[in-house]
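Keep in mind the model is a prediction, meaning the values are calculated, not measured.
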There are 2 protein chains.
Amino acid sequence: MVGRARSAPSDPAAGNGHGPGPSRRIPEATVARLPVYLRSLVEAAEARITTISSERLAELAGVNAAKVRKDLSHLGSYGTRGVGYDVELLLFHVSRILGLTRDRGVVIVGVGYLGHALANYRGFSARGFRVRALVDADRAKVGERVGGLVVRHLDELGVIISGEDVAIGVVATPAAAAQDVADRLVEAGVRSILNFAPVLLTVPEGVSVRKVDLSIELQILSFYQQRHLADAVLGPAPDVAESTSAAPARR
Amino acid sequence: MVGRARSAPSDPAAGNGHGPGPSRRIPEATVARLPVYLRSLVEAAEARITTISSERLAELAGVNAAKVRKDLSHLGSYGTRGVGYDVELLLFHVSRILGLTRDRGVVIVGVGYLGHALANYRGFSARGFRVRALVDADRAKVGERVGGLVVRHLDELGVIISGEDVAIGVVATPAAAAQDVADRLVEAGVRSILNFAPVLLTVPEGVSVRKVDLSIELQILSFYQQRHLADAVLGPAPDVAESTSAAPARR
DNA sequence: GTTTGTGAACCACTTCACAGCC
DNA sequence: GGCTGTGAAGTGGTTCACAAAC
């Protein structure tokens, strides 16, 4: 999702591979899994587990153990052979790599049903994301109180972002407004955008966009469901099996 | 996300490559992009464009032209050399492959803020997804009217699913309830689940799960933002450049 | 004995580059 | 001349399998 041009072979920020500090380039696929490991580690810590093997962590995260080890090896060498990983230590390093040691301000643009849901979502604060402002283009909504915040007008975006230390912009507007909102966010200095509108946002280099599109997810499910039905009718191929992101078992 | 164990080389459902009907196995990555092409094609059709090149479609979809051609070639040979693709024809075939020619019933489980947002989301019906029922475990919410539907109790799930022709279940409950809800959906015959709860769902083989996790997306953005800041401080490597899912330009 | 960390093999996907067809 | 469809090459990611470390 977030593309990243590779840097030159001589990376000045490259670490030594086991000391503190981020080591080398972390693959995109690994980055996308770190939050999943983080969640599993938090669960383990809450269950008073102090040490965890790649095998067990893989199970909790729904991936394969070799992948866990390779992923974690990109962060440094924080495991102990014959023992496993110290949960608290790993928790700390994964958080650090993800940049979760400092809080990050979030502004939500668009206070429709989705904006309401996001403004009231508890999961954000748990990981250090603070919703600092709600903004809407509709003056009728300005002044309304939602999730402990007062809705402000879109035109104030610039002031809000510089004043409130906002790092991430969430676009929860209709498709037609999304590009304009993204432009304003970028203009105001936001370099990370989470887009819920079903449109392709165009942003300058250096700005990261991730998109969440309900309708696309349903269409993908529809494809596999249809194909599954076809298999059932025609008879599946000798070893056909459909599994899931959730079910690591691929036999 | 939706894993798919490869079938044996001798696939009985394999087509001939250009006639009607689905041809061979379509790569997962391609499936995930088809909805994006579909959206671009709808836009083109609305703009009265009758023919489109892979170049132009790539631009609209935010990918590279060779990828568009390879992706579309998996569906069959629906373009004309020297001309491009007929928009309506391609629209039809992409819809067909995705299984969007028939409507699909959706049940939303969990009528909190997110459930409300989903129940009122317009984007569903446009692609043939019909929200047929809303369900919640909280009896206080049962009977409430949301988005034109009356909330029913979770215990009625089985009856609702068989009675209303529901193909897809959307889990919009708190994390703690999600696995139980998924089990009930599967039990009732649902084979496609869209999960918004921040937990790993375990489902039997043959059931597809796709997950949408807000908090994970924010954490990924956080990683790239932090890394970006580090670059700025240390000075980027000679040809470092950060781009986006939205910006195909990778120079 | 157990479990990590990692080369090497493997696989899926992307991109190139051009033959084939309009 | 223009654009698709596709082998071939390239890239990134996964999985295997085992030596090293406890």
Given C:dG5, D:dG5, D:dT4, the nucleotide with the shortest approach to the side chain of B:Ser53: D:dT4
Is the number of heavy atoms from other residues, nucleotides or ligands within 6.0 Å of CD (B:Glu187) greater than 12? no
Atom OH of B:Tyr37 and atom P of D:dT4 are separated, to the nearest Å, by 13 Å
Please pick, from C:dT14, D:dA17, C:dA19, the nucleotide with the shortest atom-to-atom distance to any side-chain atom of A:Arg69. D:dA17
Out of D:dG5, C:dC22, D:dG13, which nucleotide sits closest to the side chain of B:Ser73? D:dG5
Can you measure A:Leu90 atom CG to C:dT4 atom C1' for me and round it to whole angstrom units? 12 Å
A quick test of your reading: do over 12 heavy atoms of other residues, nucleotides or ligands sit less than 6.0 Å from CD of A:Glu55? no
Would you kindly say whether B:Gln226 and B:Ser222 are connected by a side-chain donor-acceptor distance under 3.5 Å? no
Indicate yes or no: at least one non-hydrogen side-chain atom of B:Tyr37 is less than 4.5 angstrom from one of B:Leu60. no
Which nucleotide in the set D:dT6, C:dG5, D:dT15 lies at the smallest distance from any side-chain heavy atom of A:Asn64? D:dT15
If you look at every strand shown and take non-hydrogen atoms under 4.0 Å, does B:Arg33 touch a base, only sugar-phosphate, or nothing? sugar-phosphate
Rounded to whole Å, how long is the line connecting atom NZ of B:Lys67 with atom C1' of C:dA17? 18 Å
Where the side chain of A:Arg81 is defined as all heavy atoms beyond and including C-beta, which of D:dA19, D:dT15, D:dG5 is the nearest nucleotide? D:dA19
Rounded interatomic separation in angstrom, taking CD from B:Glu28 and C1' from C:dC11: 13 Å
Which of these nucleotides, C:dT14, C:dG5, D:dT4, is closest to any side-chain atom of B:Ser54? D:dT4
Return whichever of A:Gly82 or A:Thr30 has its heavy-atom-nearest nucleotide of DNA chain D closer to the 5' end. A:Thr30
